[in-house]
Each structure stands twice: as C-alpha cells, then as structure tokens.
Amino acid sequence: MVDVRPGDFIRVVKKGGLVVEGVVLPSTEFTSEKHLVVKLSNGYNIGISLDDAVIEVLAEKYTKPVVSEEFREMSIVRGSGSLKIGFVSTGGTIVSKVEYETGAVKPALSASDLVEFAPDFRELSSELVVVDFMRKLSENMTPEDWSHISEEVGRHLKAGVDGVVVAHGTDTMSYTAAALAFSLRNLGNPVLLVGAQRSSDRPSTDALYNLKACPIVVRDAPFAEVAVVMHGTTDDLYALVHRGVRVRKMHSSRRDAFQSINDIPLARVYIRERRFELLNRRFLPRTRSSDIYVLNKFSNKVSVVKSYPGIDCEIFDYLADRGYRGVVIEGTGLGHVREECVESIKRATDSGVVVAMATQTIFGRVDLDVYTTGRKLLKAGVVPVDDMVPEVAFVKLSWLLGNFPEDGPAEIKLKLVSNMANEIGNSQSLEVFPRWYHGD
Amino acid sequence: MEIEYRKLGLKVGLEIHQQLDSKFKLFCSCPTKLAPENVKYREVTRNLWLSKSELGEIDPAALYEIARGRKIVYRIPEGHACLVELDEEPPHDINREALVISLSIAKALNARPVDEVYVMRKIVVDGSNTAGFQRTAIIALGGSIEDEDGAVGIQTIALEEDAARKIAEESDYVVYNLDRLGIPLIEISTAPDIGTPEQALRVAYRIGLIMRLSGKVKRGIGTIRQDLNISIESGERIEVKGVDKLELIPKVITYEVLRQLSLLDIREELRRRRLKPEDISEFYIDVSEVMKDCRSRIIKTSLDRGMKVYALPLPGFKGILGREVCSGRRFGTELSDYAKAWGSVGGLIHSDELPAYGISEKDLESLYKYLGLNGDRDAFILIVSDYERADRAFKAVINRLKYAFIGVPKETRAANPDGTTRYLRPQPGAARMYPETDILPLRVDESILREVEKIAIPRPEDVLRILVEEHGISRELASQLIRDPSLHLYLDLVEELRDITSPQIIASTLIVHMKSLKRDGIEVDRISYIDLVKILSAVGRGEIAKEVIPEAIKVVVSGSSFEDFLESRRVLSVEELEKIVEEAIKSNADLVKSRGFERSIGLIMGKVMSVARGRADGALVNTLVRKKLQEFLTP
Ligand SMILES: [Zn+2]
C-alpha cells in the first residue's frame, strides 16, 4: 500500500468502479480501521475503505499538525467603555471552535475572537483582561480545578475589576459556580459563569447571546454574587442571571437548560436594548471595599449517594471505611433512605463522617421530622440541608471540610446549614415550582 | 430566432432535488408530511449570528437583515417538529430508510456508493435552517444517464435535509414553518454534459422517472426542484435556482442564453458609444423637490411618508436600459433586481420607460433639465426610498452597470414562473462546509447494501410492459408515452382516476390530443392538473363524450370554466333525447306524414343531431328516432 499522510492529494480507484480524488484528512477517534477520510473539491468529506483500492498520491502536501498554543495566555483589550472586566476561559462548548478543514474541535477562544463575537465587551469596558486559563470540558473538572479557578478569579477581583466572567462548560457549571460562591469571601462585585449549549461555530449558537449579556450584568447588577448567565427560554429573547448556589442544569440539550431551583433568578437581561431587570430582591449587595479573600481548599473525600429502592447499605460502611469525611444523600421524598441503612449511617457518623440529607425531588425542602425513618436518621446524626440543591450541599461540604480542618463534625454540620450565600432557607412561594405542560 | 446552441458552446448541468417518502425525517423521528393549516402551533423567536469568515450562500438582503438583527420566527406545528428541528437537541443518527432509498436511486443511475457516509454542515443563514446550516452528505459518486445525444455524467449524489418553509416575511422579521425542515432530499448533480434545452428536459425527465419508479419519493407540488447551471462559451456560468416544473427547463435555458447574448450585445453597444466604466457617476442626486408636484401615486405617497426621490444620471445611456434582454425583461429590469436584492427597495424607474407610472412628459423634461442631461442622448435612474436603502441600492446598481462593460456577471438567479430568471445573489465561493460533529460517520456495510438490493427500480422497458399489460393501453401509445415527459402526469392521472377513466383515454389525451392542440398553437401547458382531472373524470363517468376532449381542453385553456362547458356538452339522457326527437317530429309533422317511415328517418336524424351532436351516441339517436317515428305514424 502507498503511504498516505494527511494533507496529501490522492486518487483512489476502487475495484467496484468508484473513483475518488481529494485531500486526505487526519483520522479522528471515529475513523474506522482501514479507512481514509477524503475531502473532495466540493467541500464534502467521504470515507473510503482501503480494501480493493488502488491509491495514487498525486501531490504530497503533508503538513505537521500545529501544536496548540501555551496556556495561561493573557491579553488586554482596551475598549471604549468604563468597566474593567476580567475574562477567564476554562474551556467547554462556549470557547470551542471547529477547524473547517478537519472538523476538529479546538477548545480555545482568543481575546480577539471574543471581541469579534461580542463587541459589547469592548464597547462597555475600558479594560478587558482575557485569560486562556484552562481548556477543560466541564465533565473533567475536579475540586482541584475549582481551587485554581477561584484563585484566578480572586486575583482579578483583587486587581480591582468591576466583575469577572468565567467561560465554562455547562455540564458541571453549577458545581463550579457554587464552589466559587463559597470560596470567594467578601465578594464585592459579580462573578458570572457563562456557557453555551450550542457551540459557537454555528450561526445558531447561544454563546453570543449569553456572552453579550455579561458586560451588561457587570455594569448594572446591584448584587455581588457568583451567578450563571444563560438563555431564559428557547427563544433568543432574554438571558437569565441565576444565583450560582441555586441553579441547576435541568435539560440535557436545550438552551434554557439552566433554571433556578427553589428560588427565582436574580435578574433578566435583554441584549438588544442592553436592558437589565432585577427580579430577586434577596441578594448580597455590591460593595466598594476590596477586602476580598479566597478560601479555596476543597476536600475530595466527599461523596454523593442517591437513595434507591433496595439500596445496599454497605455503601455507607464502605465510604466510612475508605476515609470519606462527608456524604450527601439524595434521599427520596422529604429525605429518606431505607430504614435498614440507619445502622450503617450511624456507624459512619459515629466515626466522624458528616452525613447530610438532601432530596432527589430537587424541588422542595427536606424534613426529617415527619416520618419515623426521618426521625431515626436524625437520631443517627444525619443533618438535613433544608431547601439546598443536592449538588450545592455536596460542594459546600467539600469546601467546609477543606478549609476548616480544626472543626469537628458538629461545627461542620452547623456551618453546613448556616446560610452563607443565599443557598439555604428560602421562603418557598407557590410560583417557584415550574408549571409543567399538561397537554393544553 | 433559431439559436445554434452547439455553436454557442452551451453547457448545462442539472441539480435535481427530490423529497424522499421515508416514514421519518432524516435526523429525527418526526413524520415527513407537511402540517395541515388548522393544526395547533407554537412559535419561537431566534436570531442567527454571523462571523465574517463563515459566509456561505447568502442573499445580500438576508445578510443585511441578519446583520441588522432581523428576527426569525419559527412556527412549530404540533406533531410535525421536535427539539431536533428547533436546534435544541442533537440530530439523531441518519435515517437508514432514507439512506437505502437514495442508494437504490444511485444504483439505478449507475453511481457507486461511498464506503462511509460523512454528514457535513453547509452554512445557510437566511434562517431556513434553525442551526444556521444544512446537513448534507455525499452517498454516491459517478454514474451516468443515457440520452440520444450521448450519455450525461452524474457527478455526485447527496442525501440532505430539506429547509424550513417560509410563510411570511417583512423587513424586520421572517416566519418559517418547521414542518418541512428535515424531510430527506436526494440531490443528484449531473456533469455539465448537456448541450441543448431539449436534452436538458429529457435528462431531467429520465432522472425524475427513475426516482418516481423507485416508488419511494414524494409526489406533488414542491416535492421536486431543479437547479440549473447554464453557460455559453462567450458568457458566464450562471446558477438558476428553483425550477419547480420540468416543462419549464428548456424555456429557462433558452431565455438564459438569450439574456447572456443580449448582455454581450449591450457591451458592444457601450463600446461603440465609446462609453467607459469610469464615466458612470458614483453620485446620485436628491430630486424630491423637482418631483414634488408629480402626479405619480408611488412618488406622492412615498414623499408624504418622508422618503425621497433620488436620481442617478447616466450620460450617453439613452436606450440601453430599455433594451430587452429576454422575453419581457429589459436591462433596466436586471438593474432593478440588484436594487431590490441589495437595497430592499421596491425597484427602480429608468428614463427609457418614461413617461409612465404617472410621471408625465413634463416631469421627464424637468428631470432632464435639473440633472443637466440631454433627453436625446442620456438616461437616468430613479429610486424612491429612504436614504439608507437608496444608498445600498445605488451602490449595487452602479457596480452592476460597470460590469456591463465586462460582460455577464457571475450570478445565482431564481427562476420565475414564466421561465425568465431574476438576480438572487452573487455566486458563493467554495461552499462553506465542515463536518457535522454531532453525527458519527456511517459505514455503508453489507446489511445496508442488501436492503438496497431489495428496492428494484423498474427499467424503462419494464414500464412499457406495465403500461401494455397492466394498464391495457396500446403498444404504440405506450412506447410513445415512456419517451415522453408527460408519463409523470399520466401516472398521476391513472392513480387519481383509477376506476373512473380508462388509462387508454388518459394516454391518448396526453399523447395525441395535447400534442396536436399544441401544434395548432394552443397553449396546452397552461392547463392545470385539476382541470385535466375534471375533464377526464367527466369522460370516465360518461358525462361528456371522449370526442369532445380536445374542445374541452381548448375551452379551459382559454380561461373559461369547465363547469359551463360541461353543461353545454353534457351527454343527453334518454328522456331528454326522446323529447328532442318528439319535438323534431312534431315540428315536421306534415313532411313526415307525406314521406312515410323509411324516408323520414334521415330527415329527423339530421334535425336531432344538429342539436345533440357530441352529446349523444348516434346509434342511440337512430334507435329513438325509429321508435318515435313508428309511434307517430302508427295511428
Ligand atoms: Zn423532529
């Protein structure tokens, strides 16, 4: 067989009569064995099996693939507005770009790309500091990454910016948002996580709308909270600003996947008119003081256990034995797990593990007082986390265990249910439970 | 005028798009049927975003509107579109049934399937695709189609998704129905091997027939669309989009050749007049003041609404703008297309067509005077609009005028219903395409090829047999029919009129009557499908005699209603005939009495037939006349 390399212009003649001329593309994880992907002159790609094929290289144009640029590249864009904004790119769909030639997705968005995309950044800011901080898909994020990101965001805040925008993959964006909400202490300005459900290389991307909303929030928000800025509906009508400790990705693919749980969104933004509308009166206000500090250690010895019928109670023994220091149970209903497990759970709490109870119903409050099992769990040392989103309870417990090593389980439990960032103890109004579609 | 296409080096390539009749759409499990009018729907409003480097096939107007943030409204009829069409869910795997159908058509065209199908994204930002791109994949390459003037090559066969259906448009929004988005289309592209308009028709017909014979493609209005690439040696390669009637293809080609030749003539004329591109003014003048007393309704209402009248002086251009480029379209019309496309203005008015539109001889004189032009030598163009639109329109018009010195500009044009074409947009460079990263490549493996084998598309020889043996039409008629584009119509009508009208009558109507009427100069192509069905079903039900079919066609084509015709030619009932016979005998009572039975038959027959000709069977009339005479003469 002739040696062909990506970039070569070849002619393939197959035994069946198929004749193809085109440029060989680099193989990807999807390329089948013994197949070449060829780009035809009309722009189409096709796959050619090498069985019964005669290949002739018409022109060698092999080019070495370009190695991606260095990380932590920083650029400063001077704009015509008055805001100072930090922009920290961590990866994800929002900063992914397709290479038209190969179709390879490159997780990088340069400062110039950003400004070309959303000129609002340049128009509203006097100084925009763009940092290509990491290139991670959000499913690969770890508590260690949360530490790095909060340190970087803290660095911008300490330098006196009016707000920081963090581009992030959507899968675990709400976890990172919660992590930042706890680790950035004495926050004086908004920190906005922004993402996209449709990649920015397609004309229908939601990235632009979400990005364009960010400088408007930095300009107008009266709150100093960590928030998530994403589409409000499937229309390109407005973006919502969700409190980072109250938001959850509620759909696998829709633009409006992010919604506030047991809370209403902080604000709504219309980008065409650049209008900011405050929706929630409960917020941590902006301050001029810059005594921000960062508490950014996270314990990776916290686990989440979802209760299910017939759950094997040994899971709790296992976690305790393996040195886990915190467990968040996503209980059924008001916060239950089968009664047989109470003993194992007690064994865990006795050995110093903090066991918290959230609910897998997502909406509503945990209450262990109502039924016997609940009372037994309380007696076993389980701490109910009220209306806290289960993932937020997980992040908060990880943060508490990371930053307060001197605290015993009792202190940690107390801190877990004390409000820090409006993550717990909302009065639950009738409206915050969504109106589902009933076929009318 | 006889055009020598071969001498001109005419080259035509066809691009045929046909909706497939698969159960599901190409990338989701929504049905492939359009939504009825009354179905419940929701609407979603979106915008598309453009990055400069991603421009593909874009109408200049659409580009401008999108840049301005024109709203795109998507209508989602219940049950006819899901999150996939709404660009809210990744596309599902490519529909296997659609792939098998298109591969079977490819096989009938002697094309070779690719080993692996890669779905690509083709950027389209007019809003007709919610994602901002159309998904398309080449499934086969090569192949050819037989023709009496030599085989025509098939270049590529692609499987792609149909676009959403535009249902309303204004300057600040456009509404699309998502029911059509995602219906599988096969796209067959021929090589530019076609040398005459008639050959183009034959090849398009033959490809259409093969697709139809697969039994797996949609029928009816809007389910097939032909695009043409037309070039002549001295001209340019022009893309014509959206020819939705097969019969229109030769006309479109002829008109396009004429248009290119006329544009080349205009170039010669400009040279003869020693005009130069630099002579064309870049500046247009506000002439609203001159036109303030003009009686023209358009101008008056526009001025009242705060718009202005702008004029572009064109020294030395008298007569050029009024030149006909092809059937009813003048060079001025070509310029007007540019003004509309680029400036979203209503069009332009040029001095060669004035006085008209309420602009009087006097207005014309004042305009010439105001612009410092000579009415015998010079020309000008008027645009009535706001400044912003007028500016964009004039810029496009000026560029187009300058191109008149070079020749035929490379354009994408759209077909009009009369076979002429209008400017749509400049031709894009290489189509902006990149891989659809949400869909894995699909191996065309043995199991798929086995399914392809199961769809046996009959060859034309097989069709002849079906027509003779199953439809029972004469061999002579059948062999004419299979070579004729009206075979499609025939098959449609046979399907529609099953059990009503015999295939033989349908076939002879299309092949014998329509052809002979056409030779007599009757525009039979203008007959609608519905009228044909009406005529043929009336024949089938015995309401009119088959002999009056040609007359019925003539009447309907001339614009009269078939219902009136039917009333006048309705076959008379026996009772009615009896009455006529009785009347005839009564009014000739003396004569009949004197002549006697035998010698009166001819007389009464003649009288009755003068009333009932074409409305009654002669033999029946004869029987009735005999019967009634007998009764009359028998005391
Ligand atoms: Zn669907």
Side-chain angles (χ1 to χ4, degrees), chain A residues 14 16-20 25 28 30-32 35-51 53 96-105 113 116-118 197-209 233-237 251-257 271-272, chain B residues 43-54 66 69 71-74 83 86-90 110-125 127 129-133 136-142 155-156 158 189 430-437 440-444:
Chain A
K14 298 268 301 190
L18 181 70
V19 181
V20 176
L25 294 182
T28 67
F30 305 123
T31 316
S32 315
H35 276 68
L36 280 182
V37 189
V38 176
K39 181 171 277 299
L40 309 180
S41 61
N42 59 11
Y44 279 92
N45 296 358
I46 59 166
I48 295 294
S49 143
L50 298 178
D51 293 337
S96 293
K97 287 186 81 182
V98 160
E99 266 179 40
Y100 288 107
E101 271 299 298
T102 61
V105 181
D113 290 340
E116 193 212 311
F117 249 24
Q197 292 282 77
R198 301 276 92 76
S199 58
S200 28
D201 51 72
R202 55 167 95 195
S204 62
T205 182
D206 53 331
L208 260 89
Y209 202 98
T233 69
T234 183
D235 306 76
D236 289 325
L237 211 55
H251 196 277
S252 59
S253 60
R254 286 176 62 136
R255 287 164 170 74
D256 53 357
I271 61 157
R272 199 185 283 244
Chain B
E43 286 187 343
V44 165
T45 305
R46 295 268 175 79
N47 292 107
L48 289 177
W49 313 97
L50 287 177
S51 127
K52 269 178 257 122
S53 54
E54 286 160 7
I66 285 164
K71 278 196 267 180
I72 305 165
V73 180
Y74 293 114
L83 287 186
L86 260 177
D87 191 43
E88 283 288 42
E89 182 179 309
N110 308 309
R112 321 276 174 187
V114 300
D115 296 325
E116 252 182 347
V117 175
Y118 278 77
V119 180
M120 306 295 288
R121 298 169 171 176
K122 194 193 262 178
I123 299 277
V124 180
V125 293
N129 289 74
T130 46
F133 50 74
T136 172
I138 284 189
I139 56 118
L141 296 164
Q155 284 179 332
T156 57
S189 309
R432 266 288 169 191
M433 259 207 256
Y434 60 108
E436 168 54 271
T437 43
L440 296 187
L442 180 92
R443 281 276 280 285
V444 180

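Side chains are part of it too, since the values below use all heavy atoms of this structure and drop only hydrogens, waters and symmetry mates. Chain letters run A, B, ... following the sequence lines, proteins first, then strands; residues in each count from 1.
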Name the region of [X], side chain, backbone, both or neither, that has any atom closer than 4.5 Å to a heavy atom of chain A.
X	result
Glu43(B)	backbone
Ala140(B)	neither
Leu83(B)	side chain
Thr45(B)	both

I'd like to check the salt bridge (Lys or Arg N to Asp or Glu O under 4.0 Å) partners of Glu89(B); sequence neighbours left out, ordered by chain and number. none

May I ask you to decide whether Arg255(A) forms a salt bridge with Asp87(B), counting only side-chain N to carboxylate O separations under 4.0 Å? yes

My understanding is that only residues two or more places apart in sequence, or in another chain, count here; which of them pass ring pair (Phe, Tyr, Trp, His ring centres under 6.0 Å) with Tyr209(A)?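 Per chain and number, Tyr209(A) pairs via ring pair (Phe, Tyr, Trp, His ring centres under 6.0 Å) with His231(A).
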
When rounded to the nearest 0.5 angstrom, what distance separates [atom1] in [X] from [atom2] in [Y]?
X	Y	atom1	atom2	result
Ile139(B)	Ile46(A)	CD1	CD1	11.5 Å
Leu48(B)	Arg202(A)	CG	CZ	11.0 Å
Lys14(A)	Arg112(B)	NZ	CZ	12.0 Å

What are the two closest non-hydrogen atoms of [X] and [Y], and how far apart are they?
X	Y	answer
Tyr118(B)	Asn45(A)	CB-O, 3.4 Å
Pro203(A)	Gly132(B)	CG-O, 3.4 Å
Leu18(A)	Pro113(B)	CD2-O, 3.8 Å

Under the 3.5 angstrom rule, does the side chain of Asp236(A) hit a backbone N or O of Asn47(B) as a donor-acceptor pair? yes

Identify which of Thr205(A), Leu237(A), Leu40(A) forms the greatest number of heavy-atom pairs closer than 4.5 Å to chain B. Thr205(A)

Worked check of side chain to side chain contact (heavy atoms under 4.5 Å, CB included) between Glu88(B) and His251(A): CA-CA 10 Å; Glu88(B) 283 288 42; His251(A) 196 277; over 6 Å; no

Knowing that exactly one of Leu141(B), Thr136(B), Thr156(B) qualifies, which makes a side-chain contact (heavy atoms from CB on, under 4.5 Å) with Tyr44(A)?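 Among the candidates, only Thr136(B) passes.
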
Quick check on side-chain contact (heavy atoms from CB on, under 4.5 Å): which of Thr234(A), Asp235(A), Asp206(A) does Arg46(B) satisfy it with?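 The residue from Thr234(A), Asp235(A), Asp206(A) that satisfies side-chain contact (heavy atoms from CB on, under 4.5 Å) with Arg46(B) turns out to be Thr234(A).
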
Is any side-chain heavy atom of Ile138(B) closer than 4.5 Å to a side-chain heavy atom of Asn42(A)?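 Side-chain contact under 4.5 Å: yes.
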
